[in-house]
There are 2 protein chains.
Amino acid sequence: MDMPISPAVHSRVTCSNCLLRNLCLPPGLSHRELECAEHLVSTRLRIRRGASLYRSGDAFKSLYAVWLGSLKSTTSSDDAREQVTGFHMTGDMVGFDGLGAGSHTSDVVALEDTEVCVFPYQRLEEVTSAVPALRQHLHRLMSRDIVRQQRLMLMLGGMHAHERLAGFLVDLADRFEARGYSGREFILRMTRAEIGSFLGLTLETVSRVMSQFLRDGLIDLRNVKQIRLADPGRLRRIAAGTDVAKTQGLGRAPDAHLRVLRPARTVAAARPEMAAEFA
Amino acid sequence: MDMPISPAVHSRVTCSNCLLRNLCLPPGLSHRELECAEHLVSTRLRIRRGASLYRSGDAFKSLYAVWLGSLKSTTSSDDAREQVTGFHMTGDMVGFDGLGAGSHTSDVVALEDTEVCVFPYQRLEEVTSAVPALRQHLHRLMSRDIVRQQRLMLMLGGMHAHERLAGFLVDLADRFEARGYSGREFILRMTRAEIGSFLGLTLETVSRVMSQFLRDGLIDLRNVKQIRLADPGRLRRIAAGTDVAKTQGLGRAPDAHLRVLRPARTVAAARPEMAAEFA
DNA sequence: CGCGCCTTTGAGGGCTTTCAAGAGAAGTGG
DNA sequence: CCACTTCTCTTGAAAGCCCTCAAAGGCGCG
């Protein structure tokens, strides 16, 4: 049931010709370094919609780069509770959660038929030790994951349903745009339930807010899944909490969550010269 | 109004004698490797309570290991909203958020007078390229950060106030215990407002739930800050959502947030032979 | 074409927030 | 050392946002 497209290379994946090279690899690699990088990827893996790339508890062996399609990752606590912790699309690196304990702590499932490039960690170790630029790039990718999750926590922590969904949509738009697709119109590969889980809302609330956005002319919908951001600016303002009128009930005070706690001043950057004195 | 900046401490820091060595450095380093590691830390830095180690926007130059004291890190969105994204205590590594973009995206502030060891990133780069064990350790630490945040997202996403606070307390207890302190009785260095911000609750709710726990004999309080977990087992059950009776209103259905979505099957671990199949 | 999953929409209730006030603790300066 | 200021914590009452429960329409798929 697969239609062969290119009579392509077989076992060997070639990064140098890959259109996504700038996403997985750092820019400006020398010829020699690029050659090293070639050895990073062993195979490409195909995951059918609904199948999982790995599951919580699986031994950590590789990192993966999304080559085609999209996935979600979910974490579940001791009890049955489960939550979507992220969506991954073309060019994203997946699997960092396994590095810590040697086994994965989350499940990663394909939202559609998907292909990923496999980076065996052992080989990654070897290559990154030789190529500083690659090592740095890897660190950058991990750090980006951390920062992204911090932003998400901000959403989950104190934002209203409207703000969360708006934030979700513009984030998605930005990521599509960064990959060369339209940031104005795209397809939501995930269900309302998955969006809700990701945002800490119920699927009903997601649906309701989506309808509200639709009524307010902020978005257009086609077939439920295809969405067009009719007013990205306002969506962005809503996400930032800067939108005064809001979409329904009038706004509340900008925050109040965390009143100023204490005066603060940076120490790390300042005066490393002042010496002496010990604890 | 400003706090006097404390004199930064410039002592020759020796990792080999450090009691916290097992937290910052991987176990089982050879003598030679340990010698390399010595070069990692340049100085120890002192931060007075309320002062910040670094702030959002500061250039990323170093990672820091908490040597004494405790800190919080906060992220703020475009608008004035601010949220605590983590608490750091002895042995924790801090600063990973800066690796991604080259500048920090969060603020880190001392909750009490604190000292941190400074790991200049450039030197870290050099040393880790030579010592694989150190490189791996660094990756592990970053990954652990990611996993920890995933757990936190689970809390913020769908848990009740009781469950969040219980989870917060037992997590804190575990961390103290892992560091050799009592996991039964410890001091909360952060305010209720900071706990609330971290958990996505208001300070009033934190206070209320804390009082509830007190009434139910789950904890003991002394001076508001000093806490003793009187019934850690039950706290753990509450955090996991396994506790039937709960502390007040009767429990609700275990979840319902994310009903089973699709059948799933792991692809990465299984049958690597059918991997190379091509698009 | 029918079944199942996803989505939408409504009504009611509950958990948290918001607003407010007072007690308690901590730091400051006389 | 104590009074003062300031911050933190506690507690109450009312309101609100979101969840839960329920039912029906839509869409894809076998």
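The basis for the numbers below is simple: all heavy atoms, side chains too, and nothing from hydrogens, waters or symmetry mates. Quick note on labels: first sequence line is chain A, next is B, and so on, each numbered from 1.
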- Taking atom C1' of D:dT8 as reference, at what distance in whole Å does atom CG of B:Leu221 sit? 14 Å
- Query: D:dG28 P sits how many Å from A:Arg222 CZ, rounded?
  - Reply: 13 Å
- Query: Of the candidate nucleotides C:dT7, D:dT11, C:dT8, which contains the atom at the shortest distance from the side chain of A:Lys225?
  - Reply: C:dT7
- Nearest whole angstrom, please: distance from the C1' of D:dC18 to the CE of A:Met159. 15 Å
- What integer distance in Å separates A:Leu203:CG from C:dG10:C1'? 15 Å
- Message: Please tell me whether A:Phe186 and A:Tyr181 form a close aromatic pair, meaning their ring centres lie under 6.0 Å apart.
- Response: no
- Message: Quick check on D:dG28: is either OP1 or OP2 less than 4.0 Å from any side-chain nitrogen or oxygen of A:Arg49?
- Response: no
- Note on the structure: Between A:Arg164 and A:Val224, whichever has its closest DNA chain D nucleotide further toward 5' is A:Arg164
- Item | Length of the line joining B:Leu165:CG and C:dC15:P, which is rounded to integer Å | 17 Å
- Message: Under a plain distance cut-off of 3.5 Å, with no hydrogens placed, do B:Ser76 and B:Gln83 share a side-chain donor-acceptor pair?
- Response: no
- Query: Which nucleotide in the set C:dT17, C:dT7, C:dT16 lies at the smallest distance from any side-chain heavy atom of B:Thr202?
  - Reply: C:dT17
- Query: Just checking, is any N or O donor in the side chain of A:Glu177 or A:Ser182 under 3.5 Å from an acceptor N or O on the other one?
  - Reply: no
- Query: Donor-acceptor pair under 3.5 Å: do we get one between B:Arg208's side chain and the base of C:dT18?
  - Reply: yes
- Message: What's B:Ser211 touching, base or sugar-phosphate or nothing? Going by heavy atoms closer than 4.0 Å.
- Response: sugar-phosphate
- Query: Which whole-number value in Å describes the distance from B:Leu111 CG to D:dT8 P?
  - Reply: 12 Å
- Using a 4.0 Å heavy-atom cut-off across all strands, classify B:Thr205 as base, sugar-phosphate, or nothing. base
- Taking N and O atoms by type only, does the side chain of A:Glu204 place a donor or acceptor under 3.5 Å from a partner on the base of D:dC21? yes
- Query: So which nucleotide from D:dC18, C:dT8, D:dT8 ends up closest to the side chain of A:Arg192?
  - Reply: C:dT8
- Query: Does one side chain, of A:Ser52 or A:Asp107, offer a donor that lies under 3.5 Å from an acceptor on the other?
  - Reply: no
- Message: Quick check for you: among C:dG10, D:dC18, D:dT11, whose closest atom lies nearest to any side-chain atom of A:Ala161?
- Response: D:dC18
- Taking all non-hydrogen atoms of both residues into account, name the closest pair between B:His88 and B:Ser73 and its distance. NE2-OG, 3.0 Å
- Query: When the distance from CG of A:Leu214 to C1' of C:dT9 is rounded to whole Å, what number comes out?
  - Reply: 14 Å
- For B:Asp113 and C:dG27, what is the distance between atoms CG and P respectively, to the nearest whole Å? 11 Å
